[in-house]
Amino acid sequence: MSKPSIPQGTRDFGPDVVQKRNFILNTIRSVFELYGFQPLETPAMENIETLMGKYGDEGDKLIFKILNNGLDNPDKEKQVREDFEKVLQGKNVKGITERALKYDLTIPFARYVAMNHNQLTFPFKRYQVQPVWRADRPQKGRYREFYQCDADVVGSESLLNELELANIYHDVFAKLGLSDYKIKINSRNVLVALAELCGGADKMTDITVAIDKLDKIGLEKVKNELAQKGLATEQIIFIEKYLKISGSNIEIITGLQSLIGHTDTGDKGIKEISYLLQHCDPSINISVDPTLARGLNYYTGIIFEVAAPKEVKMGSIGGGGRYDNLTGTFGVPGIAGVGISFGVDRIYDVMEELDLFPDSLQVSTKVLFFNLGDAESKVAFALMQQLRNNGISCELFHENIKFDKQFKYAEKKNIPNVVIIGSKELEENTCTIKNLQTGKQETIPQASLMKFAF
RNA sequence: GUGAUCAUAGCUCAGUUGGUUAGAGCAUCAGAUUGUGGUUCUGAGGGUCGUGGGUUCGAGUCCCAUUGGUCACCCCA
């Protein structure tokens, strides 16, 4: 038997890590609910055809497929061998795999809306906090199993939704103490206008993929990539002008206006962005980024991305945008929506690196009762139960051993108070309370323990 | 999927051109200390050096393979 291990890219979360993660998750959930979003959960696995083809060719490769059960049934051997031949050629065959682990929360949500649109009240605002899986090579900030926290509004085209989502980002990061975040916005319409003006509406994807890399690889390499994709020199010069738009939000808007504002789609995109900027409270750290493109092709309007503080070298810690016709692929056309997502695992890594978790998270048990004998611990147990009924978490040490051990246990578990009931206290119906942080201790009647302020 | 790099005690790491019985700090356990923890002192346990092959009189050290971690590319949260 070899050493036990866990699959590549997955993690165990120990007690203190879970507490910190819950701090993040609970913060996000509470803000979602504050804005009127309702919880939804979907299965870990979906039918494979629900997921395939929704995330592009690259995405399809990263979907975890689940092998069917019963493939070793001798009666099916011939069929299974034939099917497996097709799998070797890169096809999905129902006989081998018909389920897959979910890859994100948006597509399962779209599937849910398509299945239930008759019962739902629109606009439907749902949030969802669940793990998703990707068969990617793990690296910094990237795992094979990770949590997504999504909030989406479907059935409404109002920009008010975008405004609310931007505020949710702000509220969550403010509550987490991650005030150095930065929300970047752009509109897909601006990018469409850019592509149209470059005579390459069909080159939209190539253009967006290339310019998205600007801050990573630099202007020259972006231009090279565009040239490789077959764009003409004057088109690249135009894109270069676009990429050089910078400055304050107002300056960027002005720059966009002069470059693409004369087209219908460009004008529409600029208006979307302007609306958001005008209605956002100045405390919200939001800025226009014309190079923001986002890979997923289903976005159609405003797109968001949240950057972590620069010093931590982490990719985005959240993203989202507007999409039209999300459920169209499931046979229910005409339902538009907009949504955002939080990358909890990355937020955790960033907060850990910046040491932003409050110390108070580490306390779980407030009081440890010492165990100093049968009669003594019997009294201690009764008192402990009363305290527990009052909502104070406490423990009785599991065996009667020397003080030293019991103190050290309290210390290791970060328990701030101990209650000592030994033979002396037993006789006098008292108990001794010691605060381990201050070192102070006092002896009070047992009857007063319930009133003690721990 | 492509590439780089690493793997030695529970943890963080030393380990010389290949050479006797593989070390340290921290942690753990026991004692100093039978009703007062954190500090200190003393002692102990703990390793088929990731796994499998190979070269060699001899391998933690060199070679090959394999697994896993980390990082980068692609893509993404």
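Side-chain atoms are counted along with the backbone in the values below, which use heavy atoms only and exclude waters and symmetry mates. Numbers restart at 1 for each chain; the letters A, B, ... are given by sequence-line order, proteins then strands.
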Taking the same atom, [atom1], in [N] and in [M], what whole-Å distance lies between them?
N	M	atom1	value
A77(B)	U40(B)	P	49 Å
G46(B)	G25(B)	C1'	15 Å
C41(B)	A27(B)	P	12 Å
G58(B)	A22(B)	C1'	16 Å
U61(B)	C49(B)	C1'	10 Å
U48(B)	G43(B)	P	26 Å
A59(B)	U67(B)	P	26 Å
G53(B)	G60(B)	P	14 Å

With no angle test and no hydrogens, is the base of [N] tied to the side chain of [X] by a donor-acceptor pair under 3.5 Å?
X	N	result
Arg137(A)	G3(B)	yes
Gln441(A)	U36(B)	yes
Arg142(A)	C75(B)	yes
Lys424(A)	G35(B)	no
Glu425(A)	G35(B)	yes

Choose from [options] the nucleotide whose nearest atom is closest to any side-chain atom of [X].
X	options	answer
Gln139(A)	G37(B), C73(B), G35(B)	C73(B)
Lys412(A)	G37(B), C29(B), U70(B)	C29(B)
Leu436(A)	U70(B), C75(B), G37(B)	G37(B)

Practice task
Take the angle between the ring planes of Phe173(A) and Tyr169(A) and call it parallel below 30°, perpendicular above 60°, tilted in between.
Solution key: parallel
Exercise for the section: Would you please classify the geometry between the Phe397(A) ring and the Tyr409(A) ring as parallel, tilted or perpendicular, with 30° and 60° separating the classes? Expected result: perpendicular
Does [X] reach a base, just sugar-phosphate, or nothing at all? Heavy atoms under 4.0 Å.
X	answer
Gly59(A)	nothing
Asp345(A)	nothing
Gly9(A)	sugar-phosphate
Lys434(A)	base
Ile420(A)	base
Ser316(A)	sugar-phosphate

Under 4.0 Å: is that the gap between some side-chain N or O of [X] and OP1 or OP2 of [N]?
X	N	result
Lys405(A)	A30(B)	yes
Lys213(A)	C75(B)	yes
Lys402(A)	G31(B)	yes

Between [atom2] on [N] and [atom1] on [X], what's the gap in Å once rounded to a whole number?
X	N	atom1	atom2	answer
Glu58(A)	C76(B)	CD	P	8 Å
Asn435(A)	G37(B)	CG	P	16 Å
Lys440(A)	U36(B)	NZ	P	21 Å
Lys140(A)	C73(B)	NZ	P	12 Å
Asp104(A)	A77(B)	CG	P	8 Å
Glu411(A)	U39(B)	CD	C1'	11 Å
Tyr143(A)	G69(B)	OH	P	12 Å
Asn417(A)	U36(B)	CG	P	20 Å

Handout entry: Ring-face cation contact, Phe37(A) with Lys125(A), 6.0 Å cut, 45° max
Key = yes
Taking pairing as Watson-Crick or G-U wobble with both contacts under 3.5 Å, can you name the mate of [N], or confirm there isn't one?
N	value
U55(B)	none
C29(B)	G43(B)
G1(B)	C73(B)
G68(B)	C6(B)

Fill in the blank from the handout: Residues Glu162(A) and Phe304(A): closest non-hydrogen pair is O-CZ, 3.7 Å
Handout entry: Smallest separation among heavy atoms of Gly301(A) and Asn189(A), with atom names
Key = CA-ND2, 4.3 Å
Completion exercise
Nearest-nucleotide check on RNA chain B, Gln437(A) vs Gly141(A); residue mapping nearer the 5' end is Gln437(A)
Exercise for the section: Please figure out whether Gln8(A) or Glu305(A) has its closest RNA chain B nucleotide nearer the 5' end. Expected result: Gln8(A)
Practice task
Kindly say whether Asn417(A) contributes a backbone atom to a donor-acceptor pair with the side chain of Asn435(A) at under 3.5 angstrom?
Solution key: no
Exercise for the section: Could you tell me whether the side-chain ring of Phe146(A) sits stacked on the base of A77(B), using a centroid cut-off under 5.5 Å and a plane angle under 30°? Expected result: yes
Handout entry: Exceeds 12 heavy-atom contacts within 6.0 angstrom, atom NZ of Lys223(A)
Key = yes
Exercise for the section: Would you mind telling me which of Lys102(A), Arg99(A), Arg111(A) makes a salt bridge (Lys or Arg N to Asp or Glu O under 4.0 Å) with Glu46(A)? Expected result: Arg111(A)
